[in-house]
K.L.:
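Attaching a single structure in structure tokens format; questions to follow.
Everything numeric here is computed off the predicted structure, so don't read it as measured data. Lettering follows sequence order; numbering is per chain, from 1.
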Amino acid sequence: MLSQNAKKHTEACRFCWMCRHLCPVGQKTGREINTPRAKALMLSMVERGVEFDRDMAQASYECLLCGACTNDCATGYDPLLYIREARTMAVVEDLVPEAVQKVIDNISQSGNQYGEKKRKFIGTDTGDAEVLLYIGEVAACRQPAMAEAVISLLTKAGISFSVLEEEPASGTFLGDLMGFVEEVQEQGRACAAAINASGAKTIVVLDSYEAVTMKQRYPEWGCPITAELETATAYIAGLLEQGRLKSRRIEGDVTYHDDSRLARDLNEHEPARQIIQALGLTLHEMFLNRRMAKCCGSELFKNYAPDLAALTAQGRWEDVSRTKADILLTASPQVLNVMSEKIPTNKEIKDLFALLDQAC
Amino acid sequence: MMPSKDIWVVGDKTIAYNLALTSKAREMADICGGNVAAFLLYEDDPQDCIRAGADEVYLLRGLCEVSDDLAIAEALAGIIAQGKPGAVLFQATVRGRAIAPAIAAILGTGLTADCIDLSIDRDGRLFQKRPALGDSILAEIICEKHRPQMATVRPGVLPEPVWRGNSPQMAAANPGALPEPVRRENCMACRDGNSNHNATGNLLRRENSAACQAGNLPASLRPVERKSDTGQVTTIPFHVIPRVVRTGFQKSRNDCALSQAQIILAGGAGIGSREGFDYLRHIASCIGGCVGASRGAVDAGYAPYQWQVGQTGVAVRPRLYIAAGISGSVQHLVGMNTSDYIIAINNDRNAPIFNYADYGIIGDWRETMDQFLFQWKEKYHEL
Amino acid sequence: MNSIVCIKLVPSVTEVPMDQHYSIKRDSVLQMVNPADEAALEAALRMRGTGSVTVITMGRPSAEEPLRSLLSRGADKAVLITGEELAGADTYATAKTLSAAICFLGDYDLILCGRRAIDGETGQVPPELAVMLGLPFVTNCTSVSCGDDVDSPAKGMPGKTSCRQDTGRTAEADAPHDLCSKGMGNCVIECQRLLEDGTEELRIDSPAVLSLCEYSYPLRPPSIQGLKRAKQLQVTTLAREQLGLEAGDCGLAGSPTRVKAVTRQVSGVRNVKLADTIKEGVTAMEESIRKVMK
């Protein structure tokens, strides 16, 4: 039941097996089924008549959708395509793992993956502001301090901005759980409609996962964001460059983690580094950085597979430990939350926006 | 009875191309020994058609404002069924490509779409060349047993018309010097257009070529009267009860029609924004050109679909095509690679577009355009 | 609104193998639904209201799977006309077969097609089909709408919602020619047709044939609900004999046109002269423009 396109991708492998060295999940578990190639083989079997079962469904959720394999595949094929479709298949066949189903239920009941009431934030302006800040459910529910730091920075720069009173779900997380089916796109359209109705000229999106969805998926879904859309990192770096924000210099040895979607889907690497430079910090790059960055896990993953997420976080901390940096900086609420686990002694993780806010 | 070798041309709105098509028909009719008749739906100059090679010109009045393609097809099918030409050629415009297949279906004959070249043998067999599969193949198509042979011809692919006698400009300077067209045999299309007033109008679902034998015009479409002017030019007025009614028209945002532009400045996904396309539009207006776009740019929402050049957009053949920030996918190339001169601007030396360009500038499109505009304004003071 | 949507499966690559009659060997390449046909299906789904949407294609038995995927996107019924004699059809024979199948199915208000297929690129089937069904038609539509546009209202689509139920007219008055358009209610369809120099707004009464431009209505993805439903549905298969067609009406035998020869071409490769600097390039560009403007 895969689409023809996805099927093509499952059968395109040249068996170079390089993807197993890149997969952040496979690296930590050491299990064959956690490699992109194994998932392709599995689905290829299904297309040849083997029944898609609960174990296969489970396997299709043991993936971060980080795109490291896609980025490096010698044949140029895209495992994410068929993994997303395998998840659709799991939902259709009622084979979704219990922990995943709980998250899906949370989203359908409360609009966010936690099933909680989101914290509310207030902009400098209520309506008609030039800029709209989309905070997203992860920051709102798990890292409100990051959202507050961004709000404080925008305020200091004298930006008139608003925050939606009730932020609709962007479709990002449901899309990661069940593929880009109509139900997910419906969510996306409702979110786009709310954002477009704000009339803002610039939309600043805090969570890069959601920025990718809005920037790249919404046009495909027929609901493009009509305003300019920028990530919070790019927007704040721009404010520094224009001189609307002025930062003190602070000393320190830091490293920066490029979160997978910002790095690979949006191809945005430099704004965060510009902020780090403006802060006068010494940046020690990890071996796998920018487009090659190794994913540390995602909030969604942590939500339904906390044990695996702890492993992937540990994997990235190992990379941090190989640098001279004491502090890991991140501009993603997801990374901040996921990497708060398994912090090695003498290391720290800090929110780039909060740091900048203190220095401005 | 010997099959007819006459070639008919159905004129479209794009007058220049009608003349090229008429001239092509003349060239072929000279090979197989047939006559050429031109049927004009719009107010063209019939004398130009004669100079381009038509033996007879028919002005079909009352059809150009009709939006119902089926009604026009029925009208033309009736005339064709009576005149029984060997071949009928159309412009492959949107309307031409709607009317021609309807006629083919009414007459039960074959039709070849969007030809880029035509040739004929002495028996009047029409060889129709058309590209397919994104222009990766060129197919030669014939219509063996059915008559008329029908084809729509891509606008702009045929060479300039060859004028018989004086060119229109010369004729205008010396109006008395019109050449007497050679008149070989009677190719009157609507010889008895006044008869058959009581035809039932049932043109539909008839079997192969039934209409040809029946030779009926539907009641709603019968010619009201036929007026013969100067020997070769005949007016046939029609009264149509259309089933498709036009309620409005919006001229496309582009100031000129892409398919007829002499200069096209096209942008790709590399332009990066709607604002970028506004800039291209400004430059295009300075140099008297039109703006085109690649599918990538249209998909990204930078430019409207009407601007799209390529397989799924408009095919163009301007004298100068400037491709800015276009990498050159096959589907774009097939829409513009017959342009006279192509200039490509791209910062990737390996972009395929450079293989299809006469001149290449490796660099950022905006930087190039900034410099260009600066230089242009300085020299010509044109804003 | 009951619609029948004609679908063509096209090769998803441009290098395609062909047999001795220059027909595409469709089994050896990946097939996808022609993009413009997807737009036609989406338009039909949006206008469905309380009616139904049937997708129909002529093709090999392997076409069943792509049709099934269209069921998962909301089509109510999928029909596959298949048989050896149907192969090698030109547009005329294709339209003939489709029209016979559409008559067989009956009960429709609109026939929707893509404006052209990306492999053949003729766009001739919709008008030919219309003539054979005795229906008026509009090609190259960028938007189509009718009153009961309730299937999925908030989609930010360009369609309008204006419908006049024209009860004053009898069905015969509009479709006198054909038995298979019997008994269908007249609804006023408003559509926009893309022409070379602009967009026309047109009005046509149903039943009618419309062909849609690619990208005019991006086809919705499968929904979980639709996928679950598609598992239960069967693709209806029709053979030539059921449609009352002679073998000579279909496929290669029923095609007035023949492909005599095919040449693969790599056309338009030129020898590019590269500018050394942008400045030099800009000057050369200016000269070229001047030459044309003269």
Side-chain angles (χ1 to χ4, degrees), chain B residues 67 70 93-94 97-98 101-102 105-106 109-113 132-134 136-144 146 202 204-205 243-252 257 259 262-263 287-288 305 312 319-320 330 337 341 343 354-361 363 367-368 371-372 375-376, chain C residues 14-16 22 90-92 95 118-124 127-128 130-132 134 136-140 177-178 195-205 214-215 256-265 267-270 272-275 278-279 281-282 284-286 288-289 292-293:
Chain B
S67 290
L70 183 57
T93 53
V94 172
R97 292 182 70 164
I106 292 170
T109 187
L111 169 66
T112 307
L133 293 164
S136 65
I137 62 162
L138 192 63
E140 191 176 75
I141 291 167
I142 52 166
C143 180
E144 243 162 6
H146 299 73
N202 188 3
L204 304 155
R205 284 185 59 72
R243 281 156 291 184
V244 180
V245 181
R246 175 156 155 168
T247 54
F249 181 73
Q250 290 168 292
K251 219 168 151 43
S252 61
S259 58
Q262 295 291 304
I263 301 177
I287 61 175
Y305 174 68
T312 45
R319 288 177 60 197
L320 176 63
V330 173
N337 67 4
Y341 196 78
I343 298 176
F354 285 118
N355 296 330
Y356 296 84
D358 298 287
Y359 195 81
I361 302 169
E367 195 186 331
T368 310
Q371 281 197 30
F372 167 77
Q375 203 165 314
W376 184 266
Chain C
T14 43
E15 279 286 309
V16 298
Y22 305 108
D90 72 356
T91 61
Y92 185 86
I118 57 164
D119 55 351
E121 297 176 61
T122 72
Q124 290 176 178
E128 290 178 327
V131 167
M132 292 172 189
F137 66 89
V138 178
T139 60
N140 245 42
H177 305 304
D178 209 278
L195 294 177
E196 283 83 359
D197 57 347
T199 307
E200 264 184 320
E201 280 158 28
L202 301 172
R203 191 173 286 164
I204 183 170
D205 288 355
E214 44 282 86
Y215 312 122
T257 61
R258 285 279 179 286
V259 181
K260 225 175 125 51
V262 161
T263 38
R264 288 187 191 273
Q265 56 168 10
S267 63
V269 173
R270 304 177 185 205
V272 67
K273 183 182 181 307
L274 289 174
I278 291 186
K279 183 141 184 55
V282 163
M285 185 160 95
E286 189 195 305
S288 310
I289 293 169
V292 176
M293 284 179 85

K.L.:
When you look at C/T139 and B/R97, which way does the side chain to side chain contact (heavy atoms under 4.5 Å, CB included) test go after all the steps?
P.N.:
CA-CA 9 Å; C/T139 60; B/R97 292 182 70 164; over 6 Å; no

K.L.:
Identify the two heavy atoms, one from B/Y359 and one from C/G281, that lie closest to each other, and give their separation to 0.1 Å.
P.N.:
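Heavy-atom minimum between the residues: OH-CA, 3.6 Å.
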
K.L.:
Just how far is it from atom CD1 of C/I289 to atom CD1 of B/I343, taken to the nearest 0.5 Å?
P.N.:
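These two atoms lie 6.5 Å from each other.
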
K.L.:
Any side-chain to backbone donor/acceptor pair from C/R270 onto B/N337? Under 3.5 Å, distance only.
P.N.:
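Yes.
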
K.L.:
Is C/Y92 close to B/L111 at the side-chain level, that is, under 4.5 Å between some pair of heavy atoms?
P.N.:
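A side-chain contact under 4.5 Å is absent here.
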
K.L.:
If you count heavy-atom pairs under 4.5 Å between each of B/I141, B/D358, B/N355, B/L320 and chain C, which one has the most?
P.N.:
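That would be B/D358.
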
K.L.:
Which atom pair, heavy atoms only, marks the closest approach of C/P127 to B/A98?
P.N.:
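Heavy-atom minimum between the residues: CB-O, 3.5 Å.
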
K.L.:
Out of C/E196, C/K279, C/E214, which one racks up the most heavy-atom pairs below 4.5 Å with chain B?
P.N.:
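Ranked by heavy-atom pairs under 4.5 Å with chain B, first place is C/E196.
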
K.L.:
Give me the atom names and distance for the closest heavy-atom approach of B/T112 to C/Q124.
P.N.:
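That closest heavy-atom pairing would be C-OE1, 3.6 Å.
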
K.L.:
Counting only heavy atoms closer than 4.5 Å, note whether B/I142 contacts chain C via side chain, backbone, both or neither.
P.N.:
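Contact with chain C is through both the backbone and side chain of B/I142.
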
K.L.:
For the residue pair C/E200 and B/S67, what are the closest heavy atoms and their distance?
P.N.:
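In this case the closest contact between C/E200 and B/S67 is OE2-OG, 3.1 Å.
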
K.L.:
Which one of B/Q262, B/E144, B/Q375 has the most heavy-atom pairs closer than 4.5 Å to chain C?
P.N.:
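Heavy-atom pairs under 4.5 Å are most numerous for B/Q375.
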
K.L.:
Of the non-hydrogen atoms in C/M285 and B/I361, which two are nearest, and what is the gap between them?
P.N.:
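Nearest heavy atoms, C/M285 then B/I361: SD-CD1, 4.5 Å.
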
K.L.:
Among B/A113, B/G110, B/P101, single out the residue with the greatest number of heavy-atom pairs under 4.5 Å to chain C.
P.N.:
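Most heavy-atom pairs within the cutoff with chain C belong to B/P101.
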
K.L.:
Please give me the minimum heavy-atom distance between B/R319 and C/V292, naming the atom from each residue.
P.N.:
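Here B/R319 and C/V292 meet closest at NH1-O, 3.6 Å.
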
K.L.:
I'd like to know which of C/V259, C/L202, C/V262, C/I204 tops the heavy-atom pair count under 4.5 Å against chain B.
P.N.:
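If we count pairs closer than 4.5 Å to chain B, C/L202 comes out on top.
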
K.L.:
Any chance you could lay out the side chain to side chain contact (heavy atoms under 4.5 Å, CB included) test for B/Q250 and C/E201, step after step, and finish with the verdict?
P.N.:
CA-CA 8 Å; B/Q250 290 168 292; C/E201 280 158 28; 3.7 Å; yes

K.L.:
So which of B/A139, B/C143, B/G363, B/G360 has the biggest tally of heavy-atom pairs under 4.5 Å with chain C?
P.N.:
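Of the options given, most contacts go to B/G360.
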
